[in-house]
Amino acid sequence: MSDDKIEKTPLVKEIPPKARDLSEWYQAVCYKAELVSLAPVRGCVVLRPYGFGLWERLQSELDRRFKETGHENAYFPLLIPESLLVREAEHVEGFAPEVAWVTEGGNEKLTERLAIRPTSEVVIGVMYAEWLQSYRDLPILINQWVNVMRWEKRTRPFLRTLEFLWQEGHTAHATEREAAEEVQRMLDIYRSVAQDIVGVPVYAGEKSESERFPGANHTFSIEALMPDGRALQAATSHELGQNFAKAYDIKFAAEDQTVQYAWTTSWGMSWRMLGALIMVHGDDRGLRIPPKMAPVEAVIVPIVRAGSDEVVAAARALLATLKGAGLRVKLDERDLRPGNKFSDWEMRGVPLRVELGAKDIEAGVATLVRRDKEKGEEGGKLVVPLAEVAARIAALLEDIQANLYREARAFLESHTLRPSDRSEFFERCRERAGMIDIPWCGLESCEAIVKAETSATTRVTRPLEGGESTCVACGEPAAMRAFFAQSY
RNA sequence: CGGGAUGUAGCUCAGCUUGGUUAGAGCGCUCGCCUUGGGCGCGAGAGGUUCGCAGGUUCGAAUCCUGUCAUCCCGACCA
C-alpha cells in the first residue's frame with residue numbers, strides 16, 4: 001500500500017486535529033486516552049488508571065527529590081476550622097472566593113464552619129507552632145501528597161478542577177536566608193522535573209506583586225507555553241516570611257536566647273503538570289508521552305498467524321526479557337487486528353511499539369516503531385536483532401525523551417518574543433503570540449493596563465540583563481525583565 | 001457570575017421547525033466465521049426502564065412552555 005493512502009486515512013478518528021481547536025483536541029485526548037472521566041459532580045474528574053499511572057510517575061520523580069533534599073512526608077487534616085483560617089488576613093482574603101465549607105455534620109449544624117482545605121498553610125502552621133520549641137528543632141521539612149479543593153467557576157481536566165491532587169511542601173527555618181534558599185532549591189527541583197522528566201521547557205522566575213500567593217512575601221513559579229500561545233503555571237514556591245509564623249505563633253528560642261518567629265515556605269506542584277505534558281507533546285494521533293513519564297514505555301504487539309503459537313510464545317519470552325531489563329513493558333494479546341492495536345497505543349502515547357511477527361521470528365529480529373516520529377520519517381521504524389532489543393530500546397527511549405524536549409524547547413524559543421515598542425508589545429500580547437519578554441517597570445498600574453487591554457499578565461520576572469532603560473509597556477524606567485502572556 | 005450553545009444507545013449524531021402508529025443511523029459492544037505487518041474481512045445479535053431532570057400545555061410531547069441540573073465556547077474571576 002502506498003504512503004499516500006496511509007496519509008489520507010484518519011489516524012485516530014475519535015480525535016480532531018490539534019491545530020484546529022486545541023481545547024476540543026485536548027478534551028478528546030483526555031477522555032479517549034482514558035486518562036480521566038467526568039465525575040457525577042460538577043467540575044470534578046475521575047482519574048482513571050492510565051491517568052493515575054502518569055500521576056504516579058510524576059509523584060515518584062518528585063518524591064525522590066524531596067527525600068534527597070531532606071524532606072519527609074506526613075498527612076494533615078482535610079478540614080480547617082474557620083477561626084483558624086481567618087488569622088492570616090491576606091491569606092483568607094485571597095482564598096475566600098474559592099473555599100468550600102462544611103456546615104453540617106450528621107444531622108446537626110456545626111457551631112463553626114469547616115473549610116475544605118484549598119491549601120494547608122494554616123493547619124500545618126498551627127501544628128508547627130505546637131512542635132517548635134528551640135532552634136534545634138529547625139528546620140522542619142515536611143511534604144504531603146493530598147487532594148485540595150478550590151471552588152472554581154470554570155473547570156477543565158487537569159488544568160482546573162474543583163478537587164485536584166498535588167503535593168504541598170511546608171517548611172520552617174531559623175533565618176530568612178535559609179528559607180529563601182529552600183524556596184529556590186524547590187523551584188529548581190520543579191524546573192528540572194518539568195524539563196528533564198516531563199520534557200516541558202519552562203521559564204522560572206519571580207511572580208509580580210499582583211500574581212503573588214496570598215500571604216507570601218515572594219512567589220516564584222515555573223511557566224510553560226502551550227501550543228495556543230497561552231502560558232501555564234506549572235508549580236510555585238513561596239517565601240512566606242514571618243507572616244504565617246506571626247499569625248499562627250510559630251516561634252522558637254534562638255541560640256542567642258531570644259524568642260524568634262520562624263521563617264516559613266511552601267511549594268507545590270499539581271496534576272496540572274500533566275495537562276502541560278498532554279498539550280505540549282500531543283499530536284493529531286493523540287498523546288505522546290516522554291519515556292520517563294510513560295506508565296508503559298514499550299508495548300509489544302504480536303502479529304499472530306493462524307495456528308501459530310510460536311509468535312505468542314516468542315512475544316511472551318520477549319516480554320519477560322524486557323521486564324528483566326527493568327523496562328515498563330506491556331504485551332497486547334487482545335483479540336484485535338494489529339492495526340487497531342497500533343492506533344490504540346499511539347493514541348495513548350506509548351513511546352515505543354515492538355512488532356513481532358512470524359517473519360521477524362524467522363529472521364531473528366523485532367521491529368521497533370517510535371511514537372515521536374511521523375510515519376515514514378527517517379529513523380521511525382527499525383529492525384533490530386532480538387538479542388539486542390532490550391539495549392536498543394533503552395537507547396531509543398533516551399533519544400525519544402531528548403527529541404520530545406528538543407521539539408518543545410524549539411517551540412518555546414521561537415515563541416518567545418522581544419518586541420521593542422509599545423504598540424508591537426500590545427499587539428503580540430493580544431494575539432497570544434507566546435511569551436512576550438520585555439524590560440518592565442514593575443508597576444502594578446502598568447500591569448493592570450496591559451491586562452485590561454490585552455488580557456495578558458506577567459508570568460514571571462527576572463533581573464535586568466543590563467542596557468535596558470525603559471519599560472516597553474509604559475515608558476517608565478525599567479526595573480526588571482518580565483514575560484507577559486495570556487494564561488490558563 | 002454575565003453572554004452564547006448543547007443535553008436522544010457506550011461514542012458521534014439524525015428526528016424537534018409543521019406534536020400523533022413499535023424512536024433511528026454509523027461506530028463501538030456480544031456471538032460465530034476469517035486469521036491478523038496500519039485501523040471500514042464476512043455474518044448474526046444485544047442494547048434506549050422513551051429522548052438530562054422536574055413541572056406544565058394537550059385527547060396525545062423527544063418535539064411546545066417554565067424551571068432546574070450538567071457540559072462546551074466567550075468573558076469576568078482564578079493561591
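Order of the sequence lines fixes the chain letters, A, B, ..., with proteins taken first and strands second; residue numbering starts at 1 for each chain.
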A:E346/A:R353 salt bridge by N-O under 4.0 Å criterion: yes

A:M347 CE - B:C11 P separation (whole Å): 15 Å

Carboxylate-amine/guanidinium proximity below 4.0 Å for A:E34 and A:R348: yes

Side-chain ion pair, A:D344 and A:K341, N-O less than 4.0 Å: no

Members of residues 178-189 of chain A that approach RNA chain B, where some heavy atom sits under 4.0 Å away: none

Any residue of residues 83-96 of chain A with a heavy atom less than 4.0 Å from an atom of RNA chain B: A:F95

Complementary nucleotide for B:G41 - Watson-Crick or wobble, under 3.5 Å: B:C33

Charged N-O contact under 4.0 Å between A:D437 and A:R462: yes

Ion pair check, A:E90 and A:R212, cut-off under 4.0 Å: no

Side-chain donor/acceptor of A:E239 to backbone N/O of A:A216, under 3.5 Å: no

Residue matched to B:U68 through Watson-Crick or wobble contacts both under 3.5 angstrom: B:G52

Watson-Crick or G-U wobble mate for B:C1, both contacts under 3.5 Å: B:G75

Nucleotide nearest A:R353 (side chain, heavy atoms from C-beta), chosen from B:U36, B:G38, B:G37: B:G38

Summary of protein contacts for nucleotides 67-76 of chain B, nucleotide by nucleotide, where a base hit scores B, a sugar-phosphate-only hit scores S (4.0 Å, heavy atoms): ---SSSSS-B

Proximity to the side chain of A:K32 - top-ranked nucleotide from B:G37, B:C11, B:C78: B:C11

Watson-Crick/G-U partner (both atom distances under 3.5 Å) of B:U12: B:A25

Residue among A:L84, A:V86, A:I80 satisfying side-chain contact (heavy atoms from CB on, under 4.5 Å) with A:E82: A:V86

Residues A:R371 and A:D283 bridged, charged N to O under 4.0 Å: yes

Atom CD of A:E362: over 12 foreign heavy atoms under 6.0 Å: no

